Trainee: 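Quick one: the structure is below, questions incoming.
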Amino acid sequence: MSIEIKLPDGTVKKYTEPVSGYEIASDIGSNLARDAVCVEVNKEIFDTSYLISQSSDIRILTKKDLSSLKILRHSSAHLLAQAVLNLYPGTMYGVGPDIEDGFYYDFLFEKTISEDDLKEIEKEMHKLSKENQPFVKSYMSKKDASKLFQDQKFKKELIEAADSNEGVQGENVSVYSNNSFIDLCRGPHVPHTGFIKHFKLTRLGGAYWRGDESNPQLQRIYGTSWYSDKDLQQYLERRIEAEKRDHRKLGKELELFTTADELGPGQFLWKPNGALLRNIIENYSKSAHLNNGYKFVNTPHIGRSVLWETSGHLEHYEEGMYPPLNSKDNDDKYYLKPMNCPFHILIYKSDLRSYRELPLRLFELGSVYRFEKSGVLHGLLRARGFTQDDAHIFCTFDQINKEVNNLLRFSIALLNSFGFTQIEADLSTKPSKAIGESKDWEIATSSLENALEEQGIDFITAEGEGAFYGPKIDLHVKDAIGRRWQLSTIQIDFAQPTNFDLEYVSTENTKDKPVMIHRALLGSIERFTGILIEHYEGNFPYWLAPIQLKILTIGSVDEYVQKIASKLTNIRIEIDDRNIRLGEKIHDANKMRIPQVLIIGEKDLANNTGSLNRVDSDDINDDDIDSLISIIKESSKEPKFSF
RNA sequence: GCCGGAGUAGCUCAGUGGUAGAGCAACGCACUUGUAAUGCGUAGGUCAGGGGUUCAACUCCCCUCUCCGGCUCCA
């Protein structure tokens, strides 16, 4: 017997007996043997103890490999379950995969545990970690496994459901054991529990068994796990960073928006600073649209039920709509609009349309109301009332590709203007709950795909994630700390033109059906503002800052300050002329994240000077006031929009 | 909607069966201020709302509302 093991550097090692990854690593070097997490055999990952019996290309994975981190986290989940079962015998355990930055495990405790209990569980995990218990894989029949897990109803269910993710393959299952703890598992795992050192249990939450709302709820324990303490600490710091950026907290501190119990959940009141910010965003979007082929429309907030029956919303999304308002005159019912499209369609239908008018692009900052489930509301990011930068493009079949191409460029240019430069796309295809012809779905989907390819945008396909009336492209941005947010959406719709009998007169004088494209680029203004707040941590670029400049006075300089202010046309200014110390005025301006502060004292009045402090550059002290004014004007300009 | 946690002054929080507290903010007085919080004083609360237990409830129990962490959902 001859087994040839080929290493990544091309060297070949020969063995006469089946050999484990660990043995190969040991043959290469003792350090590698110590650090080996797993072994990749012909692109598939196995435990270091796995016996390789055929000639293969292999690679030893160490702590440095990305996939090793996933393996560590999955093993951490096992350790968590082991600790939980030690401390709370009789607990039912569900599944425990690795996730981004960590892992979780779902449990059904005999008595619900609380967040405080996590400390004790963590302590137990550390204890088990120190014991360096090896993870050992074995196989057994489904029958034997059912017997082994006879007291564990969730495990039995997984065995019966033949869940390959949980190690059930055909008639056999694989299980991993370390010490007395045994779990149904496909693996692979780190060699022993000693690899799991730098972890922390982070959260406790509820989760439906197998992610199904109709199933009972379990308690899910979340944790994070790393190969070094440094990585763990960095991760924990990142979390604190993210908390600091919370738009709900900053919204309160910077006096941007507020809420009140009397309003009802998911609705917001915009205070002067927030309304300014919002208006800046809206106006920028409006002028971008106005200058690029869109026609503005305005539509009401409620519509008769027949409209929503025709559009299909009542049939498909009634639960997400506010309950109807009854008419006092007759049996009519009115619904708050969850979308603007039916109204824009009515505008399209109000005239006989010619092919010459197409593409017809109707734009509106349209406020919509969706009765989101109470538990999903999350500040501005998920509200019940919000305003979309919404447009509907009515075009011919042949125009789709060009329109989508334009839209992608337009959208990216807009997001770039606001400081989002890393953009990725999702292409969502036909869901199970869909209306319309399959052929139309195929054409629509492929035209979106073509446009993405023509624009050279990286995208992933999200199967079955499309809207009920058509496929869509979603654009995602990465923020300053790497979080991914969905913003723009571009959706093709063959269904609504049919529902509403839309038509246009073609070159051949026939009546043809137009195609509709729904698109919102910033998405919801509320949500977009929330994301901007988190992206900039409240430190907005000059053009977005609600107050761009604060003038701080020292002594009596009123007239001089008025003269300066009148020269700063179109700059959003606040003047602080309170009779208090300069240090306190600076403190207050900084607290409100005012990006530019102009200090004017009696000395400046005499010399025609001023001092300028700016967040992103050095202070300019006692400089000529006119030169300071031009610096302020120049730096406060909004970015030019072009695409 | 479901599981768990929380709600005390405008804000951030302490108090856990026995007279409701602090800092900041607000207001008043003094200080007239040149680069990250001047000092003193005053006022501010149905302890989310409702019901119950108790001699006595912010505190214990029940219901409702809102918020937070998750799950599910997101046209």
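Within every chain, numbering begins at 1; the chains are lettered A, B, ... in the order of the sequence lines, protein sequences first and strands thereafter. In this text the structure is predicted, and so the values were computed from the model without any measurement.
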Trainee: Say we look at B:A56 and B:U16: how far apart would their C1' atoms be, to the nearest angstrom?
Mentor: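 Approximately 15 Å lies between the C1' atom of B:A56 and that of B:U16.
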Trainee: Could you identify the nucleotide paired to B:C47, looking across every strand shown and requiring Watson-Crick or G-U wobble geometry with both distances under 3.5 Å?
Mentor: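 In the structure as shown, B:C47 has no Watson-Crick or wobble partner.
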Trainee: What integer number of Å spans the P atoms of B:C73 and B:C63?
Mentor: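 The answer is 28 Å between these two P atoms.
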Trainee: Would you please classify the geometry between the A:Phe371 ring and the A:Tyr322 ring as parallel, tilted or perpendicular, with 30° and 60° separating the classes?
Mentor: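 Because their plane-to-plane angle is over 60°, the rings of A:Tyr322 and A:Phe371 count as perpendicular.
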Trainee: Between A:Lys249 and B:C11, does any side-chain N or O lie under 4.0 Å from OP1 or OP2?
Mentor: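 The answer is no; no side-chain N or O of A:Lys249 sits under 4.0 Å from OP1 or OP2.
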Trainee: Is the phosphate of B:G70, meaning OP1 or OP2, less than 4.0 Å from a side-chain N or O of A:Arg220?
Mentor: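 Result: no.
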Trainee: Which of parallel (below 30°), tilted (30 to 60°) and perpendicular (above 60°) describes A:His247 and A:Phe257?
Mentor: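 The arrangement is tilted - the two ring planes meet at 30° to 60°.
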Trainee: Once hydrogens and angles are ignored, does a donor-acceptor distance under 3.5 Å link the base of B:G34 to the side chain of A:Asn621?
Mentor: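 Result: no qualifying N/O pair found.
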Trainee: So which one's nearest nucleotide on RNA chain B is more toward 5', A:His313 or A:Gly610?
Mentor: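 Counting from the 5' end, the first nearest nucleotide belongs to A:Gly610.
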Trainee: Using a 4.0 Å heavy-atom cut-off across all strands, classify A:Gly211 as base, sugar-phosphate, or nothing.
Mentor: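 Sugar-phosphate contact only.
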Trainee: Which one, B:G34, B:U72, B:U33, comes nearest to the side chain of A:Ile599?
Mentor: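 So the side chain of A:Ile599 is nearest to B:G34.
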Trainee: With hydrogens left out and only the distance checked, is there a donor-acceptor pair under 3.5 Å joining A:Tyr208's side chain and the base of B:G1?
Mentor: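 Donor-acceptor pair under 3.5 Å: yes.
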Trainee: When rounded to the nearest Å, what value does the distance between C1' atoms of B:C29 and B:G69 take?
Mentor: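 Here B:C29 and B:G69 have their C1' atoms 48 Å from each other.
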Trainee: Using the P atom in both, what is the distance from B:U59 to B:G18, to the nearest Å?
Mentor: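 B:U59 and B:G18 have their P atoms separated by 11 Å.
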Trainee: Counting side-chain heavy atoms from C-beta on, which of B:G70, B:U72, B:G34 comes nearest to A:Ser611?
Mentor: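 That would be B:G34.
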Trainee: Starting at atom CG of A:Asp212, determine the distance to atom P of B:U72, rounded to an integer number of angstrom.
Mentor: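 Atom CG in A:Asp212 sits about 10 Å away from atom P in B:U72.
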Trainee: Check every strand shown and say whether A:Gln491 touches a base, only sugar-phosphate, or nothing at a heavy-atom separation below 4.0 Å.
Mentor: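 Sugar-phosphate contact only.
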Trainee: Looking only at atom C1', what distance separates B:A22 and B:G44, rounded to whole Å?
Mentor: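 After rounding to an integer number of Å, I get 14 Å for this pair.
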Trainee: Should B:C27 form a Watson-Crick or G-U wobble pair with both distances under 3.5 Å, which nucleotide is its partner?
Mentor: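 B:G41 - that is the nucleotide pairing with B:C27, both distances being under 3.5 Å.
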Trainee: Please name the nucleotide paired to B:U12 by Watson-Crick or G-U wobble geometry with both distances under 3.5 Å, or report none.
Mentor: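 Base partner found: B:A22.
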Trainee: A:Lys585 and A:Thr553: side chain to side chain donor-acceptor pair (under 3.5 Å), yes or no, with the steps?
Mentor: CA-CA 9 Å; A:Lys585 294 191 189 192; A:Thr553 65; 3.3 Å; yes
Trainee: From CD1 of A:Ile492 over to C1' of B:A75, roughly how many Å is that when rounded to an integer?
Mentor: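 Computing the A:Ile492:CD1 to B:A75:C1' distance gives 16 Å.
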Trainee: Can we say A:Asp117 and A:Lys111 salt-bridge, meaning some charged N sits less than 4.0 Å from an Asp/Glu carboxylate O?
Mentor: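 Not counted as a salt bridge, because no side-chain N and carboxylate O are separated by less than 4.0 Å.
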Trainee: Tell me which residues in residues 373-389 of chain A put a heavy atom below 4.0 Å from RNA chain B, sorted by number, or none.
Mentor: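 Correct list: A:Lys373, A:Ser374, A:Gly375, A:Val376, A:His378, A:Arg382.
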Trainee: Should the ring pair A:His301 and A:Tyr369 be called parallel, tilted or perpendicular, given that the plane angle runs from 0 to 90° and is split at 30 and 60?
Mentor: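 Tilted.
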Trainee: Taking the C1' atom in each of B:G45 and B:U8, what is the distance between them to the nearest angstrom?
Mentor: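 Comparing C1' positions in B:G45 and B:U8 gives a spacing of 8 Å.
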Trainee: Can you find a side chain N or O atom of A:Tyr104 that sits less than 4.0 Å from OP1 or OP2 on B:G69?
Mentor: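 No, outside the criterion.
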Trainee: Now, which nucleotide makes the Watson-Crick or G-U wobble pair with B:G4, with each of the two distances under 3.5 Å?
Mentor: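 Paired with B:C68.
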Trainee: Tell me whether A:Arg220 forms a cation-pi arrangement with A:Tyr104, defined as NZ or CZ under 6.0 Å from the six-membered ring centre and within 45 degrees of its axis.
Mentor: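 Checked: cation-pi criterion met.
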Trainee: Return the 5'-most residue of the pair A:Lys252, A:Arg370 with respect to RNA chain B, ranking by each residue's nearest nucleotide.
Mentor: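 Closer to the 5' end of RNA chain B: A:Lys252.
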Trainee: Base, sugar-phosphate, or nothing: which does A:Pro265 touch, judged by heavy atoms less than 4.0 Å apart?
Mentor: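 Sugar-phosphate, backbone atoms only, no base.
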Trainee: I want to know whether A:Phe107 and A:Tyr105 have ring centres closer than 6.0 Å.
Mentor: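 A:Phe107 vs A:Tyr105: aromatic centres under 6.0 Å.
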Trainee: Distance alone, cut at 3.5 Å: any donor-acceptor contact between the side chains of A:Ser428 and A:Asp426?
Mentor: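 Short answer, no.
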Trainee: Considering only atom C1', compute the distance from B:C27 to B:G10 and round it to an integer number of Å.
Mentor: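 Looking at atom C1' only, B:C27 and B:G10 are 13 Å apart.
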Trainee: Measuring from atom CD1 of A:Ile632 to atom CD1 of A:Ile551, what distance do you get when rounded to the nearest 0.5 angstrom?
Mentor: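 Result: 7.0 Å between the selected atoms.
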Trainee: Can you tell me if the side-chain N/O atoms of A:Arg593 get under 4.0 Å from OP1 or OP2 in B:A36?
Mentor: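 For B:A36, OP1/OP2 do not have a side-chain N/O of A:Arg593 under 4.0 Å.
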Trainee: To the nearest 0.5 Å, what is the distance between CG on A:Leu605 and CD1 on A:Ile625?
Mentor: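 Reported to 0.5 Å precision, the distance equals 10.5 Å.
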Trainee: So, is A:Lys337 close to the B:A75 phosphate, meaning a side-chain N or O under 4.0 Å from OP1 or OP2?
Mentor: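 So the side chain of A:Lys337 is outside the cut-off, no N or O lying under 4.0 Å from OP1 or OP2 of B:A75.
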Trainee: Among the nucleotides B:U35, B:G34, B:C71, which one has an atom lying closest to any side-chain atom of A:Lys603?
Mentor: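 The nucleotide sitting nearest to the side chain is B:G34.
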Trainee: Which part of the nucleic acid, if any, lies within contact of A:Asp622, taking any heavy atom under 4.0 Å across all strands shown: a base, the sugar-phosphate backbone alone, or nothing?
Mentor: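 Base: the residue A:Asp622, judged by heavy atoms under 4.0 Å, touches a nucleobase.
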Trainee: For the side chain of A:Arg248, starting at C-beta, report the closest nucleotide among B:C68, B:G34, B:A75.
Mentor: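 Closest nucleotide to the A:Arg248 side chain: B:C68.
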Trainee: To the nearest Å, how far apart are A:Asp576 CG and B:G34 C1'?
Mentor: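 Rounded to whole Å, this separation is 14 Å.
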Trainee: Looking only at atom C1', what distance separates B:A26 and B:U66, rounded to whole Å?
Mentor: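 Approximately 26 Å lies between the C1' atom of B:A26 and that of B:U66.
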Trainee: Does the B:U35 base have a donor-acceptor partner in the side chain of A:Asn613 within less than 3.5 Å?
Mentor: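 For A:Asn613, whose side chain was compared with the base of B:U35, there is a donor-acceptor pair (under 3.5 Å).
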Trainee: Name the residue from A:Trp308, A:Tyr348, A:Phe500 that meets the ring-ring contact (aromatic ring centres under 6.0 Å, His included) definition with A:Phe343.
Mentor: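 Filter result, single survivor: A:Trp308.
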Trainee: Under 3.5 Å for both donor-acceptor distances, Watson-Crick or wobble: does B:U35 have a partner, and if so which one?
Mentor: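 Looking at the geometry, B:U35 pairs with no nucleotide.
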Trainee: Indicate, with a heavy-atom threshold strictly under 4.0 Å, whether A:Asp604 touches base, sugar-phosphate, or nothing.
Mentor: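 Contact class for A:Asp604: base.
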Trainee: Could you check whether A:Arg210 pairs with A:Asp163 (Lys NZ or Arg NE/NH1/NH2 to Asp/Glu carboxylate O, under 4.0 Å)?
Mentor: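 Yes, A:Arg210 and A:Asp163 are salt-bridged.
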Trainee: Would A:His316 and A:Tyr469 count as a close aromatic pair, with their ring centres under 6.0 Å?
Mentor: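 No, too far apart.
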Trainee: What pairs of nitrogen or oxygen atoms, one from the protein and one from nucleotides 3-7 of chain B, lie under 3.5 Å apart?
Mentor:
from	atom 1	to	atom 2	distance (Å)
B:C3	O4'	A:Gln217	OE1	2.0

Trainee: Just to confirm, is there a sub-4.0 Å distance from OP1 or OP2 of B:G34 to any side-chain nitrogen or oxygen of A:Arg581?
Mentor: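 The answer is no; no side-chain N or O of A:Arg581 sits under 4.0 Å from OP1 or OP2.
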